[in-house]
Amino acid sequence: MSYIGQYFVLVGTRPEAIKLFPVINELRRQANANVFVCATAQHRELLDQVLKLANIAPDFDLDLMRPNQTLDQLSSRLLLAIGEVIDRVRPDRVIVQGDTSTAMIGALASYYRRIPVSHVEAGLRSGDIYAPWPEEVNRKIVTTIADQHFAPTGRAADVLRRENVPSDRIYVTGNTVVDALHAARSLIAANPDLASYSRSILTRRSGQRIVLVTSHRRENFGDGMNRIADALLQILERPDVAVVLPLHPNPNVRDVLGARLASHPRVEMIAPQEYPDFVQLLAAAYIVVTDSGGIQEEAPALGKPVLVMRETTERPEGIEAGTARLVGTDTNRIVSEVLRLLDNSEHYSAMARAHNPFGDGRASERIVKVLLNDRASKG
Ligand code: UDP
């Protein structure tokens with residue numbers, strides 16, 4: 001007999017929406033599950049696009065996005081606003097994902113009310129509390145509070161056990177990002193218009209090898225962003241390469257990458273893409289160069305070599321599987337790794353094998369099974 005509960009799911013940013021929509025929809029498929037979705041809208045438009053695609057209308061929308069708000073301002077607004085809504089809903093369980101301020105503060109607000117917390121994508125660690133900052137500590141705080149830990153990989157589960165999380169509260173499920181990727185590809189197959197924008201770019205660039213680039217990490221703002229722009233300009237000296245660059249709206253990114261690359265004839269400087277368009281670009285890319293967390297997980301699932309512009313990663317599984325390499329933001333390193341992939345077909349093939357170190361596309365099914373059947377922690 002399943003536990004019939006009220007689940008309260010918090011979603012703050014685009015990657016949370018991408019990684020939680022398969023869980024929300026799977027929970028909703030279970031007739032007896034009562035699911036409330038609360039968007040904090042820590043990111044506004046990027047979040048709305050994904051929820052709309054997944055046919056999810058949030059039950060609560062806290063609309064907390066403000067231009068240039070500090071972490072203090074965001075955290076204090078989140079704590080008051082999430083606490084108020086939790087008091088209205090009185091859920092049996094709160095579900096948070098990943099490492100955002102929404103996830104961390106959502107867990108804290110739940111703890112203050114003694115409501116159990118489930119953590120989707122638990123156990124990722126870089127080992128450096130300042131990279132990714134503040135996400136490494138956000139994720140650790142959620143671990144301290146949660147009583148259900150959905151680890152995407154065996155490695156993440158090991159990390160949690162080493163931190164003395166009881167083994168019977170850890171569930172290895174795979175990462176729901178792979179479920180989302182599959183869902184997006186099915187949606188595109190059923191309705192190609194969903195990705196018509198990216199298709200027009202790919203048509204324009206046919207015959208060129210696409211280097212898909214995204215950058216938005218705080219650690220890379222400033223000099224790092226300039227070194228990335230230098231590297232891309234050197235790579236573009238190759239006439240067979242087109243750089244496709246969905247530009248993050250943050251001024252630290254826009255004012256450097258946007259200003260230095262937009263006028264190049266082989267650069268497609270485009271707005272942040274809706275998820276189906278982005279998935280289609282990923283599937284068509286020859287090489288992916290990124291500092292994103294989620295893209296490090298999606299690229300291996302599609303067999304795309306991915307160069308990670310970070311010094312450390314909390315997702316080493318892609319590197320161990322051979323699909324990803326850490327390149328930091330050193331100009332020469334980025335250029336030489338891209339050229340090696342372009343010129344050395346054996347090296348390219350070795351990196352381009354598709355593996356799924358992050359999951360098999362059934363993570364949300366496993367998570368929902370636990371959510372519906374686990375009564376162990378109910379007080
Ligand atoms: N993504 C997207 N459109 C874009 C760029 C990325 O839909 O223009 C998706 C991508 O497929 C991945 C997620 O956004 O699932 C990653 O988000 P982001 O890089 O913002 O955050 P991170 O994963 O680093 O937290």
Side-chain angles (χ1 to χ4, degrees), residues 11-23 41-54 65 96-104 120-121 124 126 131-136 138-139 152 175-185 187-188 194-195 197-198 201 210 212-221 243-250 252-254 257-258 268-285 288-302 304 306 308-310 312-315 318 324 358-359 361 363:
V11 186
T13 62
R14 172 180 63 192
E16 283 162 280
I18 289 172
K19 290 173 171 180
L20 280 174
F21 84 72
V23 177
Q42 194 183 323
H43 290 173
R44 184 71 270 179
E45 275 168 50
L46 303 181
L47 172 76
D48 293 346
Q49 288 171 3
V50 180
L51 293 178
K52 193 164 148 243
L53 173 77
M65 161 96 168
V96 300
Q97 195 281 337
D99 59 10
T100 63
S101 301
T102 292
M104 185 270 277
V120 176
E121 199 186 65
L124 280 62
S126 71
W133 177 85
E135 288 85 356
E136 177 84 354
N138 284 346
R139 204 186 290 271
N175 197 310
T176 55
V177 79
V178 182
D179 309 22
L181 194 60
H182 290 181
R185 299 195 89 186
L187 286 169
I188 300 169
L194 277 176
Y197 181 74
S198 53
I201 292 172
I210 288 173
L212 178 63
V213 181
T214 78
S215 180
H216 72 289
R217 295 286 331 151
R218 283 192 184 84
E219 297 89 316
N220 291 343
F221 291 170
V243 167
V244 176
L245 181 47
L247 195 63
H248 200 276
N250 189 304
N252 290 291
V253 182
R254 205 185 48 209
L257 294 186
E268 294 284 354
M269 184 79 65
I270 52 182
Q273 295 297 288
E274 300 215 4
Y275 191 50
D277 276 312
F278 190 77
V279 166
Q280 183 161 269
L281 289 173
L282 257 182
V288 180
V289 182
T290 188
D291 57 14
S292 155
I295 299 169
Q296 280 178 67
E297 295 156 340
E298 291 164 332
L302 292 171
K304 300 296 170 179
V306 54
V308 181
M309 297 188 290
R310 296 192 186 191
T312 67
T313 179
E314 68 282 37
R315 297 170 166 90
F358 297 105

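Heads up: numbering here begins at 1 and tracks the sequence. In each ligand, atom 1 is the first atom listed, and ligand 1 is the first ligand listed.
- Not counting sequence neighbours, the partners of H248 by the ring-ring contact (aromatic ring centres under 6.0 Å, His included) test are H216.
- Within 4.0 Å of ligand 1, protein heavy atoms belong to R14, P15, I18, H216, P246, P272, Q273, Y275, F278, S292, G293, G294, I295, E298, listed by chain and number.
- Residues H43 and L47 approach most closely at O-CB, 3.3 Å, considering heavy atoms.
- Environment of CZ in R44: crowded, with over 12 heavy atoms of neighbouring residues, nucleotides or ligands closer than 6.0 Å.
- No hydrogens or angles considered: a donor-acceptor pair under 3.5 Å links the side chains of D291 and N220.
- Distance check: N175 CG to R315 CZ gives 7.5 Å after rounding to the nearest 0.5 Å.
- Side chains of T214 and T290: a donor on one and an acceptor on the other come within 3.5 Å.
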